[in-house]
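Structure first, then comments.
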There are 2 protein chains.
Amino acid sequence: MSRNADGLSIGDVAKATGLGVHALRFFEREELFIRPIPRTAGGQRVYEPADVEWLLLCNRLRESGMPIATLKRFARLVRSGPGNEAERLALLEEHERTVQDRIADLTASLEIIHDKVVIYRKHVEEGTATGLWSPMPSA
Amino acid sequence: MSRNADGLSIGDVAKATGLGVHALRFFEREELFIRPIPRTAGGQRVYEPADVEWLLLCNRLRESGMPIATLKRFARLVRSGPGNEAERLALLEEHERTVQDRIADLTASLEIIHDKVVIYRKHVEEGTATGLWSPMPSA
DNA sequence: TTAAAATCTAGAGTGCAATCTAGGTCAAGC
DNA sequence: GCTTGACCTAGATTGCACTCTAGATTTTAA
């Protein structure tokens, strides 16, 4: 492949998305595509640019913590065509809230970690490690 | 237990930290404590408030994505007492950077997700789902 | 004193998300 | 035509971080 206009091999798609060929076959088994991927006469997968676009969105959703099961639900909605936009919206809104919460949690943890860093930095710079030994109050 | 001043049972610690008793035993096997946890004559673990404080910090580090292996390195440093503060600082600084990067990634993903949400919201509110069908350009 | 609740150990099992293996088949370039 | 690399399937394996099981012991409360 790699030579038809718009006909992409699994390797092409792997390169374009950063996913491995194993992952792409896994995604297909898990029904994470928005359409059945056609095959050549010899049985090899033929992707199109739209599949790559979809996978790039999947990457964003996965990276932001969406489980495969939820991605599967979303893919199923898109696959079944127009008419369920409200459901897609609800799913995306829920994920948006999840990501916002995750960012808030991380930000809170970051503050605590930064406080520790500041304390350690001070002690290390001063060479006065004494008084800073154990977990508390400033591990 | 639960009756000595400062003598906490594994159940007490589980309650105080949100970790399960299984997780606490797992942490101990993995050498994630900053000291050997002593036992009663009968062999039951006796924790102190400082252990709880340490575990609460562990929770923050874990929640913010620190792998067990790194937490183990940090615990080993603290366990071996004063003198390695520069190493502890380096470890914390590295984790701080990791968390900052993670927040940046999530924020970037959130923007993309939010764009999708806005698009879907518009279509759903208008009742005009037409033109919005497939992954691209606005799945 | 005795029943119930909590704890102990060693090791097995779970869930997620890949990732790899083995044993082939297909396709591209020389 | 043939070699080499890419691809195929089904299923096993991996890695992480718990989480649970079984069967025994200890502790607490009535």
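For the pair B:R29 and C:dA10, the criterion of a side-chain N or O lying under 4.0 Å from OP1 or OP2 is not met. A close approach under 4.0 Å does not occur between any side-chain nitrogen or oxygen of A:T40 and OP1 or OP2 of C:dC26.
We find that B:K116 and A:E96 are not joined by a salt bridge, their nearest charged nitrogen and carboxylate oxygen being 4.0 Å or further apart.
Straight-line distance from the CG atom of A:L24 to the C1' atom of D:dA6: 14 Å, rounded to whole Å. If you measure from atom NE2 of B:H22 to atom P of C:dG13, you get 16 Å, rounded to the nearest angstrom. Between B:E30 atom CD and D:dG15 atom P the separation is 14 Å, expressed in whole Å. The distance from atom CD of A:E31 to atom P of C:dA17 is 16 Å, rounded to the nearest whole Å. The nearest whole Å value for the distance from the CZ atom in A:F26 to the P atom in C:dG15 is 15 Å. Rounded to a whole Å, the CD1 atom of B:I37 is 12 Å from the P atom of C:dT9. Atom CG of B:N59 and atom P of D:dC18 are 9 Å apart (whole Å).
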**Asked** Do B:Y47 and B:W54 pass the ring pair (Phe, Tyr, Trp, His ring centres under 6.0 Å) test, and can you show the C-alpha distance, the side-chain angles, and the key distance before you say yes or no?
**Response** CA-CA 11 Å; B:Y47 299 87; B:W54 168 249; over 10 Å; no
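The side-chain contact (heavy atoms from CB on, under 4.5 Å) with B:M66 is formed by just one residue from the set B:T98, B:L91, B:V99; it is B:L91.
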Can you tabulate the close N/O pairs, meaning under 3.5 Å, that link protein atoms to atoms of nucleotides 5-8 of chain C?
from	atom 1	to	atom 2	distance (Å)
C:dT7	OP1	B:S9	OG	2.9
C:dT7	OP1	B:G11	N	2.8
C:dT7	O4'	B:Q44	NE2	3.2
C:dT7	O3'	B:Q44	NE2	3.3
C:dC8	OP1	B:R45	N	2.7
C:dC8	OP1	B:R45	NH1	3.0
C:dC8	OP2	B:R25	NH1	2.6
C:dC8	OP2	B:R45	NH1	3.1
C:dC8	O5'	B:R45	NH1	3.4
C:dC8	O3'	B:R39	NH1	3.4

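Each side-chain hydrogen bond (donor to acceptor under 3.5 Å, both in side chains) pair with one or both residues in residues 101-112 of chain A, not counting sequence neighbours, appears once here: A:S109-B:R60.
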